[in-house]
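Here is the structure we will look at.
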Amino acid sequence: MAGDGVKREAPLGVFDSGLGGLTVVRALREALPHEKIIYLGDTARVPYGTKGAATVIRYALSCARHLVARDVKAIVVACNTVSAVAPDRLRIELDVPILGVIEPGARAAVAATRTGRIGVLATAGTIASGAYPRAVSQLSTRAEVIGQPAPLLVPLAEEGWTDGDVPRLAVRRYVEPLARAEVDVVVLGCTHYPLLRPVIVDEVRDRIGPNVTVVDSAYATAADVGAFLVARGLARTAHGPCPPVQLLVTDVPATFRDAARRFLGEDIDEAEQVDL
Ligand code: DGL
């Protein structure tokens, strides 16, 4: 029982290829304000979305092992690319619950679709892995996934270039094939895309139709993580002010504070640099 209490008090570990996964932390903070969070951004090796699966798995194992060494009670894989290719391997290698972003996003998409035609915008790695079609096929025999890699949206979100002509034209190019496929749901299948959500929603509504649902897998994930912690008796019950996010990075980019504020929606003063 004392052991359970210690576990409940332990932090949640969250990791991503870089700072983009702070969009998932933002959703976790809203849904689970009492949880302590240690976030690891592999800023020295970002991006993962353009790399091969074996490399991404190797990087993911080093991130997850670092969080396990810090006694986290569970690991949330904020990165869609890692969630697409590495969770089975992480579960085999590590003795801690691993929660990804693909299944929650797929479940929200299946719940929202009426026509069964689901569009997914994600990195090239996530689309190539077939993870979203696989996850959707476990939930519905009727639904079909139309995947569209949208690689340029990652650097645009990193730069904070989230409105105006350049992101709009890029988003339009990526939405066009989804419009031709007549999807009625579009999943934001990448940590960075929620920052471009207003432009994506505009383009999706304009090109496809006013009733298309845009699913943000970060919020679906946060709801799943909350349910998981309660079911396992791992939810932190302490009240009082929300503990600040502990930020770990593998390289400190000069503009990390601006980027962290954009993705997380709150200020972070310090980041600890770690070697994996
Ligand atoms: N975190 C990645 C994802 O959600 C996007 C950035 C990258 O390519 O590393 O897929």
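Counting starts at 1 for both ligands and their atoms, following the listed order. What you see is a predicted model; the values in this text were computed from it and never measured.
- Salt bridge status for Arg117 with Glu182: absent, with no side-chain N to carboxylate O gap under 4.0 Å.
- Each of the following atoms of ligand 1 lies closer than 4.0 Å to a heavy atom of Tyr48: 7 (C), 8 (O), 9 (O).
- When each atom of ligand 1 is checked for a heavy atom of Asp16 under 4.0 Å away, the hits are 1 (N).
- At a 4.0 Å heavy-atom cut-off, ligand 1 touches Asn80 through backbone and side chain alike.
- By the 3.5 Å distance cut-off applied to N or O atoms, Gly49 is counted among the residues near ligand 1.
- Residue-level proximity to ligand 1 for Val82 is absent, since no heavy atom of it falls below 4.0 angstrom.
- Electrostatic pairing of Arg236 and Glu35 does not count as a salt bridge here, judged by no charged N lying under 4.0 Å from a carboxylate O.
- In this structure, Gly20 falls outside the shell of residues with a heavy atom less than 4.0 angstrom from ligand 1.
- Protein heavy atom nearest atom 10 (O) of ligand 1, with residue, atom name and distance: Thr81 OG1, 2.6 Å.
- Hydrophobic clustering (side-chain heavy atoms under 4.5 Å, transitive across Ile, Leu, Val, Met, Phe, Trp, Tyr) keeps Leu121 apart from Tyr132.
- Those atoms of ligand 1 that come under 4.0 Å of a heavy atom in Cys190, given as number and element, are 3 (C), 4 (O), 5 (C).
- For Arg168 and Asp163, the salt-bridge test fails: no basic side-chain N is under 4.0 Å from an acidic carboxylate O.
- Polar contact with ligand 1: present for Ser17 (N/O pair, distance under 3.5 Å).
- With values rounded to the nearest 0.5 angstrom, Leu19 atom CG is found 9.5 Å from Arg262 atom CZ.
- Look at Arg257 and Glu266 and you find no salt bridge, because none of the NZ, NE, NH1 or NH2 atoms lies under 4.0 Å from a carboxylate O.
- Taking a cutoff of 4.0 Å between a charged side-chain nitrogen and a carboxylate oxygen, Arg89 and Glu93 qualify as a salt bridge.
- The shortest N or O to N or O distance between Thr50 and ligand 1 is not below 3.5 Å.
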